[in-house]
Amino acid sequence: MTTRPVIGISTHLTAAVWDHWSAQRAVLLHERYPRQVQAAGGVAMLLPPDAPAYAPEAVARLDGLVIAGGPDVNPALYGAQAHPKTVANAPERDLWETALLRAALAAGLPLLGICRGMQLLNVVRGGTLVQHLHAAEPHLGSREGYGRHPVRPVPGSLLAELLPEESVTVPTFHHQAVERLGTGLTVSALAEDGTVEAVEAAEGFTLGVQWHPEQGADLRVMRALVRAARGAVSATTTVTSAAFGSSSELGFTSGAERLPYGG
């Protein structure tokens, strides 16, 4: 049986209502995130906010990482004062996801940042954000759901390999965007108004998209992450086999051989 890679997904920590409980503190994530990871061939593992010091330990148990969308990043993280339209109300997520990103980048873990996740990736690499787009309407959704607008992948980029069309219409909901690009990142997609819609790094699989692929039916971005993560599983399996031998060499004569997930 093929080992499915384990993909960690960061979550909200917020007040929620369910069953007969009201305004209870809860770990929360739109079910489309884990559903898309599963549809792409991965095992979804939720990563609620924890002490930042534990991020390397969490990353070591993963084969890939998704930093999910959510509220605005605290502008203090990139040395700015808050804009009147900025709503940065997730300090636990800011600290935890920053630590996860740093640990993942240090480990070379396949990484996908979605919306806020892309913005935080840029901040972690030393970049800054536009706190409120001058013409935000095309990028915002409504009470009825997410908006949609076209993005243009940059030729020659990793994203353009995944999405080779000249233009792709994507689900979107954001009012902030990348301003100064972080160190080691390149722009890999733009909206028609010039807004940065995707960034990537040359090393490994490090990709951020400003839109919400989990809200659509296009699996190509998530499949690429899972494919890269599956490569990490295969590499770990090869190293483990070479170092420790097969199950028969180790004296196991029955039962299925258990392979580590790596990371």
*For Y146 and H212, run ring-ring contact (aromatic ring centres under 6.0 Å, His included): C-alpha distance rounded to whole Å, both residues' side-chain angles, the deciding distance at 0.1 Å, then the answer.*
CA-CA 9 Å; Y146 287 75; H212 282 267; 5.0 Å; yes

*Could you check D218 against L163 for side-chain contact (heavy atoms from CB on, under 4.5 Å), going step by step and ending with a plain yes or no?*
CA-CA 10 Å; D218 191 338; L163 309 176; 4.1 Å; yes

*Where do L207 and V221 land on the side-chain contact (heavy atoms from CB on, under 4.5 Å) test, with the steps shown first?*
CA-CA 9 Å; L207 177 65; V221 169; 4.1 Å; yes

_Trace of the side-chain contact (heavy atoms from CB on, under 4.5 Å) decision for H149 with E192_ = CA-CA 9 Å; H149 69 70; E192 292 182 339; over 6 Å; no

*Go through the steps to decide whether L65 and I7 satisfy the test side-chain contact (heavy atoms from CB on, under 4.5 Å), and finish with yes or no.*
CA-CA 5 Å; L65 176 65; I7 309 297; over 6 Å; no

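In this structure, G69 and C115 approach most closely via the heavy-atom pair CA-CB, 4.2 Å. Heavy atoms only, all atoms of each residue included: A90 and P71 are closest at CB-CG, 3.6 Å. Of all heavy-atom pairs between L46 and L29, the closest is CD2-CD2, 3.5 Å. Pairing each heavy atom of Q210 with each of V196, the nearest pair is CB-O, 4.0 Å. Taking both residues in full, the closest heavy atoms of V27 and P48 are given as CG2-CB, 3.5 Å, listed atom of the first, atom of the second, then distance.
Look at E161 and R220 and you find no salt bridge, because none of the NZ, NE, NH1 or NH2 atoms lies under 4.0 Å from a carboxylate O. Electrostatic pairing of E203 and R125 counts as a salt bridge here, judged by a charged N lying under 4.0 Å from a carboxylate O. A salt bridge between E97 and R116 is present, with a side-chain N of the basic residue lying under 4.0 Å from a carboxylate O of the acidic one.
Looking only at side-chain heavy atoms (C-beta outward), I9 and T11 stay at 4.5 Å or farther from each other. With contacts defined as side-chain heavy-atom distances shorter than 4.5 Å, the pair V43/Q38 does not qualify. Within the 4.5 Å cutoff, the side chain of T128 has no heavy atoms near those of the L181 side chain. Looking at heavy atoms from C-beta onward, P153 lies out of side-chain contact with E165 at the 4.5 angstrom threshold. Between L105 and L121 the shortest side-chain heavy-atom distance falls below 4.5 Å. Counting only heavy atoms from C-beta outward, the side chains of E197 and H174 approach each other to under 4.5 Å. Residues D63 and P110 fail the side-chain proximity criterion, which asks for heavy atoms closer than 4.5 Å. At least one side-chain heavy atom of L158 sits less than 4.5 Å from a side-chain heavy atom of F205.
Looking at H83 and D72, their side chains never bring a donor and an acceptor atom within 3.5 Å of each other. For the 3.5 Å distance criterion, the side chains of E179 and Q131 fail to qualify, holding no donor opposite an acceptor. A donor-acceptor pair shorter than 3.5 Å can be found between the side chains of Q176 and T86.
Residue-environment remark: CD (E31) exceeds the threshold of 12 foreign heavy atoms within 6.0 Å. Other residues, nucleotides and ligands place more than 12 heavy atoms under 6.0 Å from the CH2 atom of W18.
Remark: N74 CG to R93 CZ distance equals 13.5 Å, nearest 0.5 Å. How far CD1 of I114 is from CD of Q119: 12.5 Å, rounded to the nearest 0.5 Å. Interatomic distance, R223 CZ to R230 CZ, rounded to the nearest 0.5 Å: 10.5 Å. If you take CH2 on W96 and CG on L101, they are separated by 11.0 Å, rounding to the nearest 0.5 Å. One distance of note links OG1 of T195 with CG of L133; it measures 5.0 Å at 0.5 Å rounding. A distance of 11.5 Å separates CG of L185 from CZ of R180, quoted to the nearest 0.5 Å.
Hydrophobic cluster membership differs between L190 and L162, with clusters built from Ile, Leu, Val, Met, Phe, Trp and Tyr side chains linked at under 4.5 angstrom. Hydrophobic cluster membership differs between L47 and L13, with clusters built from Ile, Leu, Val, Met, Phe, Trp and Tyr side chains linked at under 4.5 angstrom. Hydrophobic clustering (ILVMFWY, side-chain heavy atoms < 4.5 Å, transitive): Y33 and I67 are in distinct clusters. A single hydrophobic cluster is not seen to contain both M222 and L111; linkage of ILVMFWY side chains at heavy-atom distances under 4.5 Å, directly or through other members, places them apart. Both L62 and L100 are assigned to one and the same hydrophobic cluster, defined by single-linkage of ILVMFWY side chains at heavy-atom distances under 4.5 Å.
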